Amino acid sequence: MANCYSKKCFDFLDVPAWNPHTVGALYVHVPLCKAKCRYCDFYSQAAQPGLAELIVKTLTAELAQRRNLITKPLKTIFLGGGTPTALPAKLLGQLLEHISPLADEDTEFTIEANPGTVDSAVGDILAQAGVNRVSLGGQSFDACELEMLGRIHKPDQIGQAVEFLENAWVRNISLDLMYALPGQTVATWLRNLQAATQLNVQHISCYALSFEPGTALFEDLSAGRVKEVDDETQREMYYETINFLTANGFEHYEISNFAKPGQSCKHNLTYWQNEEYLGIGPAACSYIQGERRTNTPDLTSYAKNIEQGLEAPFEAERITGQAHMAETLMLGFRLIEGVDIKKFIKKFDHTPAQAFPESFGKYTSLGAIQQTETHVHLSQDALFTADSILADIVAEASSQRHL
């Protein structure tokens with residue numbers, strides 16, 4: 001990857017400036033939390049004096065810099081973090097004032113929120129700004145599990161947050177849950193799912209806990225203070241999740257995501273279908289014209305450049321050839337329907353099987369990769385081990401210089 005620290009570096013880096021071009025999906029990264037969760041390795045900082053003001057000032061400045069890359073109205077907007085609703089109400093309103101004009105009534109406008117940061121005032125601010133979808137980081141309905149994860153909210157605040165949002169007429173609500181927590185059993189996990197389905201939510205995301213280096217929970221694991229849930233139990237939890245949520249009216253449309261009919265997350269579908277998007281903020285990623293740029297995960301250097309009228313420091317890479325095909329499959333295979341064969345051929349002039357004959361030969365014979373008239377996809381039995389299949393495709397791509 002090439003490091004870039006201002007517009008001037010285009011003179012000597014093989015990373016061209018983006019040509020006049022607009023995209024329909026916007027991600028805004030708000031790197032602020034009330035407190036850092038014990039499992040989280042996303043870039044964010046705990047609240048401190050002046051930090052929220054700096055974040056809003058620099059985000060709005062970078063947004064103004066990038067306005068020429070934005071299709072208006074946008075198809076999707078997603079504010080993530082961190083916790084955007086950890087911003088003081090006045091600053092949250094100011095940030096949304098700069099973003100709202102980019103949306104219309106058809107835009108999917110999502111913001112992430114911790115249940116402990118949502119009240120009636122926040123609900124009103126979101127609704128007035130045109131936010132029509134909220135992703136709540138509930139994670140668990142068990143008080144001990146929340147404490148272990150370092151979450152700032154209590155179990156009953158999840159339902160309260162949903163009620164605040166409904167009263168503000170924000171009716172498209174998604175809920176994040178985590179399974180395979182230390183000490184968790186299949187039975188206790190199913191109780192979390194039961195509690196979730198008793199709320200009026202339209203979307204549920206279920207992710208297995210990952211112990212990431214540098215986090216407090218990783219240190220606990222390394223020191224033997226907690227134990228990772230074994231693979232067989234994790235597998236049972238995963239497939240019980242599918243059975244339970246589909247029986248309760250949710251469609252399983254992505255490896256970890258479930259939605260009521262018509263309520264799939266359009267913004268995340270942009271990622272999984274390998275379409276273009278613009279990212280604003282420290283650590284935010286953009287994918288435009290075959291190039292991926294990731295802003296520095298450092299608010300200090302990010303703010304320094306932005307306040308000087310320069311681009312944020314970033315790393316860039318161009319995705320071409322076999323790597324582009326492999327990435328398209330890696331993302332598309334996360335979707336239950338899989339990869340559209342005609343679109344793949346139109347884009348790459350090869351079928352997925354022609355592009356990766358070794359991987360497709362192996363996993364097709366095992367029944368892990370299956371094909372319909374229109375799509376190629378992973379079998380349900382293969383979803384839990386998808387990472388190993390995708391790793392083989394990436395390895396095959398790296399071993400091929402050209403077709």
Side-chain angles (χ1 to χ4, degrees), residues 1 41-42 176 178-180 205-213 228-229 231-232 234-239 241-242 252-258 264-265 267-277 285 287 290-292 294 317-372 374-403:
M1 284 189 175
D41 70 336
F42 291 127
D176 283 1
M178 297 184 75
Y179 67 94
S205 300
C206 301
Y207 300 104
L209 173 64
S210 178
F211 293 87
E212 300 296 338
E228 193 168 6
V229 175
D231 284 347
E232 281 304 309
Q234 288 196 39
R235 182 184 182 89
E236 185 178 357
M237 288 176 171
Y238 178 69
Y239 286 106
T241 300
I242 296 173
H252 186 203
Y253 75 98
E254 192 270 346
I255 285 180
S256 302
N257 285 272
F258 304 79
S264 300
C265 180
H267 186 83
N268 285 343
L269 284 170
T270 299
Y271 301 147
W272 297 321
Q273 293 170 350
N274 211 14
E275 297 174 354
E276 295 183 323
Y277 52 90
C285 181
Y287 179 57
E291 178 187 297
R292 179 169 290 105
T294 304
E317 60 179 339
R318 187 159 292 278
I319 314 296
T320 60
Q322 290 293 111
H324 194 189
M325 294 187 210
E327 183 175 271
T328 299
L329 288 175
M330 283 179 62
L331 294 167
F333 272 169
R334 292 194 61 87
L335 296 170
I336 302 306
E337 73 172 2
V339 177
D340 187 302
I341 298 171
K342 286 185 178 179
K343 287 183 179 180
F344 193 92
I345 294 172
K346 183 178 180 180
K347 195 170 188 177
F348 300 113
D349 200 30
H350 292 83
T351 68
Q354 289 170 338
F356 301 101
E358 292 182 13
S359 298
F360 271 73
K362 173 183 177 181
Y363 289 109
T364 299
S365 66
L366 294 172
I369 293 180
Q370 299 178 344
Q371 184 170 319
T372 66
T374 59
H375 288 74
V376 59
H377 64 94
L378 298 183
S379 69
Q380 187 175 83
D381 286 344
L383 293 176
F384 184 74
T385 55
D387 285 351
S388 62
I389 298 172
L390 301 179
D392 281 355
I393 291 174
V394 172
E396 186 174 353
S398 66
S399 69
Q400 297 181 27
R401 300 297 182 187
H402 53 76
L403 288 173

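These figures come from a predicted structure and were not determined experimentally.
Interatomic distance, Met237 CE to Cys206 SG, rounded to the nearest 0.5 Å: 12.0 Å. Atom OG1 of Thr320 is separated from atom CD of Glu291 by 11.5 Å, given to the nearest 0.5 angstrom. Atom CE of residue Met330 and atom CG of residue Leu390 lie 5.5 Å apart, to the nearest 0.5 angstrom. Here the OG1-CD1 distance, from Thr351 to Ile341, works out to 7.5 Å after rounding to the nearest 0.5 Å. Remark: Met325 CE to Asn274 CG distance equals 12.5 Å, nearest 0.5 Å. Note: Asn257 CG to Ile336 CD1 = 9.5 Å, rounded to the nearest 0.5 Å.
Between Cys285 and Thr294, the shortest heavy-atom distance links the atoms SG-OG1, 3.8 Å. Closest approach of Arg334 to Ser256, counting heavy atoms only: NH2-OG, 3.7 Å. Considering all non-hydrogen atoms of both residues, Gln234 and Val229 come closest at NE2-O, 2.9 Å. Taking all atoms of both residues into account, the shortest heavy-atom contact from Leu329 to Ile393 is CD1-CG2, 4.3 Å. Of all heavy-atom pairs spanning Asp340 and Lys342, the tightest one is OD1-N, 3.1 Å. The nearest pair of heavy atoms linking Gln380 to Tyr239 is O-OH, 2.6 Å.
The shortest distance between side-chain heavy atoms of Lys343 and Gln273 does not fall below 4.5 Å.
Using a distance-only test at 3.5 Å, with no hydrogens or angles considered, no donor-acceptor pair links the side chain of His350 to the main chain of Pro352. Judged purely by atom type and a 3.5 angstrom limit, Tyr363 has no side-chain atom pairing as donor or acceptor with the backbone of Leu378. With hydrogens and angles disregarded, a donor-acceptor distance shorter than 3.5 Å links the side chain of Tyr238 to the backbone of Ile255. In terms of modelled atom types and a separation under 3.5 Å, the side chain of Ser365 and the main chain of Lys362 share a donor-acceptor contact. For Glu396 (side chain) and Glu358 (main-chain N/O), a donor-acceptor pair under 3.5 Å exists by modelled atom type.
Using modelled atom types, one finds no donor on one side chain facing an acceptor on the other under 3.5 Å when comparing Ser359 with Asp392.
Between Arg292 and Glu327 a salt bridge is recorded (basic side-chain N to carboxylate O distance below 4.0 Å).
No more than 12 heavy atoms of other residues, nucleotides or ligands lie within 6.0 Å of CZ in Phe42, so this atom counts as exposed by the packing criterion.
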Please assess Leu269 against Leu335 for the test side chain to side chain contact (heavy atoms under 4.5 Å, CB included), listing each intermediate value before the final yes or no. CA-CA 9 Å; Leu269 284 170; Leu335 296 170; 3.6 Å; yes
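Residues passing the side-chain hydrogen bond (donor to acceptor under 3.5 Å, both in side chains) test with Glu212, sequence neighbours excluded: Ser210.
Aromatic rings of Phe344 and Phe348 (six-membered ring for Trp) have centroids within the 6.0 Å cut-off, being under it.
Between Phe360 and Phe333, the ring-plane angle classifies as tilted under the 30° and 60° cut-offs. Using cut-offs of 30° and 60° on the angle between ring planes, the pair Tyr277 and Tyr287 is tilted.
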